[in-house]
Chemist: 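Quick one: structure below, then a few questions.
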Amino acid sequence: MLSIFNTLTREKEKFSSIEPGKVRMYVCGMTVYDYCHLGHARVLVTFDVVARWLRTSGFDVTYVRNITDIDDKIIRRAQENGETVRSLTDRFIAAMHEDCAALGVQSPEHEPRATEFVPQMQSMISRLEARGLAYLAANRDVCFSVRKFDGYGRLSGKSLDDLRAGERVDVASDKQDPLDFVLWKHAREDEPEEVKWPSSWGAGRPGWHIECSAMSSELLGAHFDIHGGGQDLQFPHHENEIAQSEGANGCTFVNYWMHNGFVRVDNEKMSKSLGNFFTIRDVLKRFDAEVLRFFIIRAHYRSPLNYSDTHLEDARNALDRLYTALRNVPAAAVAADFEEPHGRRFAAAMDDDFNTAEAVAVLFDLAGEVNRTRSPALASQLRALGGIVGLLQRDPASYLQSAAGGDECGLSSSEIEARIACRAQAKKARDFGEADRIRAELLAAGIVLEDGAQGTVWRRA
RNA sequence: GGCGCGAUGGCAGAGUGGUUAUGCAGCGGCCUGCAAAGCCGUGUACAUCGGUUCGAUUCCGGUUCGCGCCUCCA
């Protein structure tokens, strides 16, 4: 029985879906004006694991992860680059898909782009207006009237009177209340035509929050099971989504809210504004993508995750151990067995609010068992359980021989095999001096040799 | 200022009212021509001060420190 920590109640709750056997899930995805960084990697992997586990548990999952392709920063960046918004966003969407593929993140059922749902957003804004929750401000922006929505602040645990809008930033004076947020932004003269949509309030473009309300409602219905995203979206973005969706649709919006923790650098949040971020592709130049995925999965999704090269190296060494067990004992591609003791523990861990740290620990216990027993059945189970969280599906020998990005040793595998053959000759002639010399030479090039009963195998250091 | 989260062995990171997390690194041993891999063994870890309890790292309260949200951010 799956339990999920629900941000709304700050408790783990038994999960039960609205429609039996089906789960509808929405996750806030990327604003596409730059490459994805490790914080994005964490959301992508975290909710990929959630979707995978729900499917493994037998649910028919409809997973929607949106793409924000219209926004102040996108417009600014496009102008700086001297390109259209569309060409900028297309480019970074393609880059994001490359990153996802590398990380083994499966495609969601729907990946809606905000610009393709403007009519739905307008209709939602109209309904909010009709219900007296939205107003046209003096500057021609349409704003949501936060004080008119009962329960605003419930998700983030904030009370309206405690929130000090403007404490850190000047507030636009056209709003009736500093906390009101924009639903529809009136068009500015200096903005390109491609970001202006006609509307009954005049030409303009949607505010950020409305897209998620409109797209989730369009693709999943007014009331769905799980809504996820990074912790930083809890307030105000998700709070505003609730206000808009429940305000417009008049029913409960979401049953379970999930928020993943931040990636940190030097104990500080990794973020664009702080400038302390590493892009996924930067990291993949030096580390295998599966190592990065393993690094993320190894911690619980709600805990902070500190990034450093040392920690990635640690993760790589750990993942090597798993693959080494699979290299040494043949594993068949079978389905996971949840009756077998490790399978039971693994499932129990995943059912406990997606405790991947515990599930990974089971993988290591199983690897030890595989090494001791040399049991192909257990090795197959290891491969199958790993597969559930998107790990351990590659050929073990080639994983262990692969060098990520810049760590190339400069020797081709045929050159390495040739050196191994020379060494075998030397060993046969009991010329251990020469054999050791070859081994040392390869080690200097980052290649480790392992002599076994069936000959010598190699792997990267 | 308001609200919230956290503090676990050298490092990373789960978890639990009383009994081994797990991984990396280290040390000793087995195996090996020697190694590597693997196996076996090995560390009085639970910020601090009180309280509850037969017993607390685990529950409650205070303190200290760290982090986050209150502004765009995954």
Side-chain angles (χ1 to χ4, degrees), chain A residues 7 10 27-31 36-47 65 68 71-73 153 156-159 161-171 179 208 228-237 239 259-264 267-274 277 294-295 298-300 302-306 308 310-322 324-325 327-329 345 349 352 355-368 370-372 374 400 427 430-433 435-436 439-440 443 448-453 456-459 461:
Chain A
T7 308
R10 280 161 199 79
V27 171
C28 290
M30 255 45 74
T31 300
C36 293
H37 59 65
L38 291 180
H40 300 123
R42 193 173 193 191
V43 196
L44 291 167
V45 170
T46 294
F47 289 99
R65 192 186 60 219
T68 300
D71 143 276
D72 288 352
K73 288 192 198 121
S156 50
K158 297 178 188 302
S159 82
D161 297 322
D162 289 341
L163 286 163
R164 296 195 186 179
E167 170 135 309
R168 289 154 65 188
V169 149
D170 286 339
V171 176
L179 289 164
W208 174 40
Q231 223 163 41
D232 43 3
L233 298 186
Q234 194 178 321
F235 187 91
H237 182 57
E239 200 71 71
H259 292 95
N260 65 273
F262 297 131
V263 176
R264 296 183 184 176
N267 223 29
E268 233 182 7
K269 177 186 171 183
M270 179 181 291
S271 77
K272 293 200 177 166
S273 14
L274 289 171
F277 64 91
F294 175 81
F295 170 69
R298 198 189 195 198
H300 187 87
R302 284 191 280 112
S303 306
L305 182 60
N306 246 313
S308 76
T310 309
H311 295 157
L312 264 280
E313 280 159 20
D314 183 282
R316 183 188 57 206
N317 292 341
L319 185 59
D320 282 358
R321 175 172 161 81
L322 258 24
T324 301
R327 185 196 60 184
N328 295 342
V329 181
R345 283 177 57 205
D352 182 15
N355 190 341
T356 51
E358 179 66 29
V360 164
V362 174
L363 259 27
F364 281 99
D365 286 343
L366 185 50
V370 167
N371 288 330
R372 277 187 290 275
R374 321 291 291 183
L400 290 167
K427 277 179 68 175
R430 304 198 66 77
D431 183 355
F432 295 119
D436 291 351
R439 187 170 62 199
L443 184 61
V448 177
L449 299 187
E450 297 180 16
D451 293 336
T456 300
V457 295
W458 66 273
R459 62 180 168 85

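Every heavy atom of this structure was used, including side-chain atoms; hydrogens, water molecules and symmetry mates were not. In what follows, every chain begins at residue 1, and chains take the letters A, B, ... in the order their sequences are listed.
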Chemist: With rounding to whole Å, what would you report as the distance between C59(B) and G2(B) at their C1' atoms?
Modeler: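 Pairwise C1' distance, C59(B) against G2(B), rounds to 28 Å.
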Chemist: Could you work out which one of G33(B), C39(B), A74(B) sits closest to the side chain of T31(A)?
Modeler: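 Among G33(B), C39(B), A74(B), the one nearest the side chain of T31(A) is A74(B).
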Chemist: So which nucleotide from A21(B), C72(B), A74(B) ends up closest to the side chain of H40(A)?
Modeler: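 Closest of the options to the side chain of H40(A): A74(B).
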Chemist: Using whole Å, report how far CG of L443(A) lies from P of A35(B).
Modeler: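 Spelled out: CG on L443(A) to P on A35(B) is 14 Å.
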Chemist: Treating D451(A) as the side-chain partner and T456(A) as the backbone partner, does any N or O pair qualify as donor plus acceptor under 3.5 Å?
Modeler: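 Checking the backbone N and O of T456(A) against the side chain of D451(A), no donor-acceptor pair under 3.5 Å is found.
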Chemist: What nucleic acid atoms does G29(A) come within less than 4.0 Å of, heavy atoms only: base, sugar-phosphate, or nothing?
Modeler: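 Answer is sugar-phosphate: G29(A) comes under 4.0 Å of backbone atoms only.
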Chemist: Looking only at the side chain of F262(A) (C-beta and beyond, no hydrogens), which of the listed nucleotides C34(B), A37(B), A74(B) gets closest?
Modeler: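 For the F262(A) side chain, the nearest candidate turns out to be A74(B).
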Chemist: Could you check which of A74(B), C73(B), C70(B) has an atom nearest any side-chain atom of K158(A)?
Modeler: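 Within the option list, the nearest is C70(B).
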Chemist: Can you tell me which stems RNA chain B forms, taking runs of 3 or more consecutive Watson-Crick or G-U pairs with both distances under 3.5 Å?
Modeler: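 The stems that RNA chain B takes part in, listed by first number, are B:1-7 with B:64-70, B:10-12 with B:22-24, B:26-30 with B:38-42, B:47-51 with B:59-63.
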Chemist: With heavy atoms under 4.0 Å as the rule, sort E268(A) into base, sugar-phosphate or nothing.
Modeler: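 Contact class for E268(A): sugar-phosphate only.
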Chemist: Looking only at atom P, what distance separates G28(B) and A36(B), rounded to whole Å?
Modeler: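 These two P atoms come out 12 Å apart once rounded.
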Chemist: Closest approach to the side chain of E450(A), judged atom by atom: which nucleotide of C24(B), G33(B), A37(B) is it?
Modeler: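 Of C24(B), G33(B), A37(B), A37(B) is nearest to the side chain of E450(A).
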Chemist: I want to check one thing: is the phosphate of C73(B), taken as OP1 and OP2, less than 4.0 Å away from some side-chain N or O of W208(A)?
Modeler: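 Yes, W208(A) has a side-chain N/O under 4.0 Å of OP1/OP2 on C73(B).
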Chemist: Taking the side chain of A361(A) as heavy atoms from C-beta outward, which of A37(B), A74(B), A21(B) is closest to it?
Modeler: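 For A361(A), the side-chain atoms sit closest to A21(B).
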Chemist: What does F235(A) touch in the nucleic acid at a heavy-atom separation under 4.0 angstrom: a base, only the sugar-phosphate, or nothing?
Modeler: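 The answer is sugar-phosphate, as F235(A) gets under 4.0 Å only of primed atoms, P, OP1 or OP2.
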Chemist: I need the CG-C1' distance between N267(A) and C5(B), as an integer number of Å.
Modeler: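 Spelled out: CG on N267(A) to C1' on C5(B) is 13 Å.
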Chemist: How close or far is atom P of A37(B) from atom CZ of R459(A), stated in whole angstroms?
Modeler: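 Atom CZ in R459(A) sits about 5 Å away from atom P in A37(B).
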Chemist: Using a heavy-atom cut-off of under 4.0 Å over every strand shown, decide if R321(A) touches base, sugar-phosphate, or nothing.
Modeler: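 Sugar-phosphate: the residue R321(A), judged by heavy atoms under 4.0 Å, touches backbone atoms but no base.
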Chemist: For D451(A), report the nucleic acid contact type (base, sugar-phosphate, nothing); a contact means any heavy atom under 4.0 Å.
Modeler: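 Contact class for D451(A): base.
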Chemist: For nucleotides 12-20 of chain B, list the nitrogen or oxygen atoms of the protein found under 3.5 Å from its nitrogen or oxygen atoms, one pair per line.
Modeler:
{"unit_1": "A14(B)", "atom_1": "OP1", "unit_2": "H300(A)", "atom_2": "N", "d": "2.8"}
{"unit_1": "A14(B)", "atom_1": "OP1", "unit_2": "S303(A)", "atom_2": "OG", "d": "2.8"}
{"unit_1": "A14(B)", "atom_1": "O3'", "unit_2": "N355(A)", "atom_2": "ND2", "d": "3.2"}
{"unit_1": "A14(B)", "atom_1": "O2'", "unit_2": "E358(A)", "atom_2": "OE1", "d": "3.1"}
{"unit_1": "G15(B)", "atom_1": "OP1", "unit_2": "N355(A)", "atom_2": "ND2", "d": "3.2"}

Chemist: Nearest whole angstrom, please: distance from the C1' of C73(B) to the NE2 of H259(A).
Modeler: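 So the NE2-C1' distance, H259(A) to C73(B), works out to 13 Å.
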Chemist: Please report the distance separating the C1' of C69(B) from the corresponding atom of C73(B), rounded so that it comes out in whole Å.
Modeler: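 Result for the C1' pair: 12 Å, nearest Å.
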Chemist: Can you check the distance between U58(B) and G15(B), where both ends of the measurement are the C1' atom (answer in whole Å)?
Modeler: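 Approximately 9 Å lies between the C1' atom of U58(B) and that of G15(B).
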Chemist: Fit a plane to each ring of H37(A) and F277(A), take the angle between them on a 0 to 90° scale, and name the class: parallel (under 30°), tilted (30 to 60°) or perpendicular (over 60°).
Modeler: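 The arrangement is tilted - the two ring planes meet at 30° to 60°.
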Chemist: Between atom CG in L449(A) and atom C1' in A37(B), what is the gap in whole Å?
Modeler: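 Rounding to the nearest Å, CG of L449(A) and C1' of A37(B) are 12 Å apart.
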Chemist: Check step by step if side-chain hydrogen bond (donor to acceptor under 3.5 Å, both in side chains) holds for H311(A) and S308(A).
Modeler: CA-CA 5 Å; H311(A) 295 157; S308(A) 76; 3.3 Å; yes
Chemist: Would you give the length of the straight line joining atom CZ of F47(A) to atom CG of N260(A), rounded to the nearest 0.5 angstrom?
Modeler: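 Rounded to the nearest 0.5 Å, the CZ-CG separation comes out at 5.0 Å.
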Chemist: By the 4.0 Å heavy-atom rule, please label S271(A) as base, sugar-phosphate, or nothing.
Modeler: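 Base contact - S271(A) has a heavy atom under 4.0 Å of at least one base atom.
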Chemist: Identify which nucleotide among C73(B), C24(B), A35(B) has an atom closest to any side-chain atom of K269(A), counting heavy atoms from C-beta outward.
Modeler: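 So the side chain of K269(A) is nearest to C73(B).
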Chemist: I'd like to know if the side chain of E239(A) reaches the main chain of G153(A), judged simply by a donor and an acceptor atom lying under 3.5 Å from each other, with no hydrogens or angles considered.
Modeler: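 At least one qualifying donor-acceptor pair exists.
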Chemist: Which whole-number value in Å describes the distance from R372(A) CZ to G38(B) P?
Modeler: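 Distance, rounded to whole Å: 12 Å.
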Chemist: Report yes if some heavy atom in the side chain of T31(A) is under 4.5 Å from a heavy atom in the side chain of K73(A); otherwise report no.
Modeler: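 Side chain of T31(A) against side chain of K73(A), heavy atoms only: no contact under 4.5 Å found.
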Chemist: Over all strands shown, is R264(A) touching base, sugar-phosphate only, or nothing at heavy-atom distances under 4.0 angstrom?
Modeler: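 Sugar-phosphate contact only - R264(A) comes under 4.0 Å of backbone atoms but never of a base.
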Chemist: With a non-hydrogen cut-off below 4.0 angstrom, is V457(A) in contact with a base, only sugar-phosphate, or nothing?
Modeler: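 Nothing, no nucleic acid heavy atom in range.
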Chemist: Send over the distance from L319(A) CG to U22(B) P, rounded to a whole Å.
Modeler: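 Rounding to the nearest Å, CG of L319(A) and P of U22(B) are 19 Å apart.
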Chemist: C39(B), C72(B), G23(B): which one has an atom nearest the side-chain heavy atoms of F364(A)?
Modeler: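 It is G23(B).
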Chemist: D232(A) CG to C72(B) C1': how many Å, rounded?
Modeler: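 It works out to 10 Å between those atoms.
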Chemist: Work out how far the P atom of C67(B) is from that of A45(B), and round it to whole angstrom.
Modeler: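 These two P atoms come out 28 Å apart once rounded.
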Chemist: Which value, in whole Å, describes the distance between the C1' atoms of nucleotides G18(B) and G23(B)?
Modeler: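 Result for the C1' pair: 27 Å, nearest Å.
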